[in-house]
Amino acid sequence: MGRQRKLLVCSSVETTTLNIVFLSTEAVPLAKTGGLADVCGALPTQLAQRGHRVTLIMPAFRSIYASGIPIEPTEISFALLMRQSVVGARLLRAELPGGDHPVEVYFIDQPQYYDRPSLYGDASGDYSDNCERFAFFCRGAVQAIERLGRPVDIVHCNDWQTGLVPAYMALEETRREWMKRARCVFTIHNLAYQGRFWHWDFPLTGLDWKHFRPEGLEFYGHLNLLKTGIIYADQITTVSPTYAKEIQSELHGCGLDPLLRSRSNVLHGITNGIDDEIWNPATDKYLRLPHERGQEPSHGELGNGNYDIHTWQEGKAIQKQRLQAAFDLSVDPNLPLIGLVGRLADQKGWDLIIEVLRWHLEQARPTQWVILGTGEPRYHEALTALASAYPGRFGLKLGFS
């Protein structure tokens, strides 16, 4: 089970300055496919505002250049042996916007792996070399921490793409000095996505084959990177107390429930929050009418599309009308309008949702539907067919926005 070290969760965290390194493949506004990006874009900034020294390391995906954040090169570069090839990379640097306490971001720039249209795959499915791409990211992150030469108290890893780092911190025979002092937190954002690959990908990890066993990285003959993070992290967190309980059950454990139960003493559910400065309908610029974009709403004057607790009926009516018009639906204030945004994936229940949609539309129930998302081709096809069959009642946008 790797090292059994205690990570103190101090009640005095507000007065104890920690050196924290976040590892993530997503962070708003740099790269996003889901909620992971919101957490890893907001949490580092919030911790920095509380006086901690926070650094974020992520891949240099193509999307980082569209974020509008200035990105600059550094003098740090490194090379790693991946199978039979030596692959080089360099570090880029930026800062997350955060007022008086900006968070430094370092990108592992390896265009062969990360300069692609999407983060993890395309319409055909996951990229076939995802194990290699994210094994390189994990190994590169260790190199980056070493080369930056800063003190590290906590390395906070997120989801399977970072799952090898807890193993490196626990198993490397010649451990780096910072690893002897640092502790590792591993956060499970979605247990269903585990990073499972065939066993011949194991050499990409750079670890000795002796660790490919049920007590280590092996999972029913496969390499499982989420399992790896769960086994070797000092502490494990997930997105809510309820989810922490659910994933320890056979029904929701996705095959990892026995392992999670065995580590229940270090498994904590911490409820995800929201950034109430961004997700505030009283100030959200995207709710403003087009001719008023770029203008700050005046106090008490929210008729421009923004609304608050006192004016929500007027404001939501305006937004509903705009949404109906944008999707060529009948502009009718009395029709219920149901909107769904998310990944079009089996795990999200779209086989059930599409049946409900079809029933409502075929029975001419008095409802309208708007769907925004992207995912599996079979759901693209089914939703496109419904949109074509029921114009005026069903609006669809396939893509990520």
Side-chain angles (χ1 to χ4, degrees), residues 1-7 9 22-27 32-40 42-43 119-120 126 130-131 134 138 154-167 169-170 183-197 211 213-274 342-353 375-376:
M1 294 296 293
R3 60 186 174 179
Q4 298 296 318
R5 305 191 299 172
K6 292 184 178 179
L7 176 67
V9 181
F22 273 81
L23 304 183
S24 177
T25 53
E26 301 183 31
K32 177 175 178 174
T33 64
L36 169 64
D38 295 309
V39 174
C40 292
L43 183 55
L119 275 59
Y120 311 120
D126 293 343
N130 270 352
C131 186
F134 296 110
C138 291
I154 297 173
V155 178
H156 188 157
C157 301
N158 292 273
D159 273 349
W160 69 264
Q161 296 91 342
T162 65
L164 286 171
V165 173
M169 294 178 66
R183 300 295 183 264
C184 183
V185 175
F186 184 71
T187 297
I188 303 166
H189 295 265
N190 192 327
L191 189 71
Y193 296 94
Q194 299 184 5
R196 292 180 61 176
F197 303 98
H211 300 302
R213 62 181 193 273
E215 299 78 18
L217 284 71
E218 185 266 343
F219 185 71
Y220 294 98
H222 292 83
L223 172 64
N224 186 314
L225 300 187
L226 189 78
K227 177 197 174 188
T228 302
I230 294 170
I231 283 184
Y232 293 110
D234 295 298
Q235 296 284 327
I236 306 161
T237 69
T238 190
V239 298
S240 74
T242 301
Y243 193 55
K245 293 177 182 177
E246 288 178 346
I247 61 177
Q248 295 180 64
S249 69
E250 183 176 357
L251 180 62
H252 299 290
C254 301
L256 293 174
D257 50 289
L259 172 60
L260 289 162
R261 288 193 295 271
S262 75
R263 302 228 65 200
S264 61
N265 62 316
V266 296
L267 173 60
H268 313 278
I270 303 174
T271 304
N272 275 353
I274 63 169
R343 277 196 310 276
L344 306 181
D346 180 69
Q347 194 233 358
K348 298 296 185 179
W350 279 96
D351 54 332
L352 304 175
I353 294 170
E376 298 176 23

Reported SG-to-CZ distance for the pair Cys131 and Arg196, which is rounded to 0.5 angstrom:
13.0 Å

Flag, side chain of Arg183 to backbone of Gln235, donor-acceptor distance under 3.5 Å
no

Any donor-acceptor pair under 3.5 Å linking the side chain of Lys227 with the backbone of Gln194?
no

Work out which heavy atom in Asn224 is nearest to a heavy atom in Leu226; give both atom names and the distance.
OD1-N, 3.1 Å

Heavy-atom pair with the smallest gap, counting every atom of Glu215 and Ile231
O-CD1, 3.7 Å

Ala27: partners by side-chain contact (heavy atoms from CB on, under 4.5 Å), with sequence neighbours left out:
Cys40, Leu56, Met58

Give a yes or no on whether the backbone of Ser24 and the side-chain of Thr162 come within a donor-acceptor separation of less than 3.5 Å.
no

Side-chain contact test, heavy atoms from C-beta onward, threshold under 4.5 Å: evaluate it for Asn272 versus Ser240 and give yes or no.
no

Ala345 and Tyr193: which non-hydrogen atoms are nearest, and at how many Å?
CB-OH, 3.8 Å

Listed by chain and number, what are the salt bridge (Lys or Arg N to Asp or Glu O under 4.0 Å) partners of Lys32, not counting sequence neighbours?
Asp38

Report the distance from atom CG of Asn190 to atom CH2 of Trp160, rounding to the nearest 0.5 Å.
12.5 Å

Could you pull out all residues at least two apart from Asn158 that satisfy side-chain hydrogen bond (donor to acceptor under 3.5 Å, both in side chains)?
His189

The side-chain hydrogen bond (donor to acceptor under 3.5 Å, both in side chains) partners of Gln161 (sequence neighbours excluded) come to none

Pairing residues for Glu246 by the side-chain contact (heavy atoms from CB on, under 4.5 Å) criterion, not counting sequence neighbours
Thr242, Tyr243, His252

Value for CG (Leu191) from CG (Asp159), rounded to nearest 0.5 Å, stands at 9.5 Å

In Å, rounded to the nearest 0.5 Å, how long is the span from OG of Ser262 to CD of Gln248?
9.0 Å

Mind checking side-chain hydrogen bond (donor to acceptor under 3.5 Å, both in side chains) for Thr25 and listing every partner two or more places apart, or none if nothing turns up?
Tyr120

Of all the heavy-atom pairs spanning Asp234 and Cys184, show the shortest one and how long it is.
OD2-N, 2.8 Å

I'd like to check the side-chain contact (heavy atoms from CB on, under 4.5 Å) partners of Ile353; sequence neighbours left out, ordered by chain and number.
Leu340, Trp350, Leu357

So how far is it from Cys254 SG to Leu260 CG, rounded to the nearest 0.5 Å?
9.5 Å

How far does CD1 of Ile230 sit from CG of Leu259, to the nearest 0.5 angstrom?
5.5 Å

For His222, what residues pass the side-chain hydrogen bond (donor to acceptor under 3.5 Å, both in side chains) criterion, not counting sequence neighbours?
none

Shortest non-hydrogen contact between Leu256 and Phe219, atoms and distance
CD2-CE1, 3.6 Å

Residue pair Ile236 / Ala233: nearest heavy atoms and the distance that separates them
CG1-CB, 4.4 Å

Those residues at least two apart in sequence (or on a different chain) that pass side-chain contact (heavy atoms from CB on, under 4.5 Å) with Cys138 are Leu164, Val165, Tyr168

With Asp351, which residues qualify under salt bridge (Lys or Arg N to Asp or Glu O under 4.0 Å), at least two apart?
none

Sorted by first residue and then second, give each salt bridge (charged side-chain N to carboxylate O under 4.0 Å, His left out) pair with at least one member in residues 249-260; sequence neighbours left out.
Asp257-Arg261

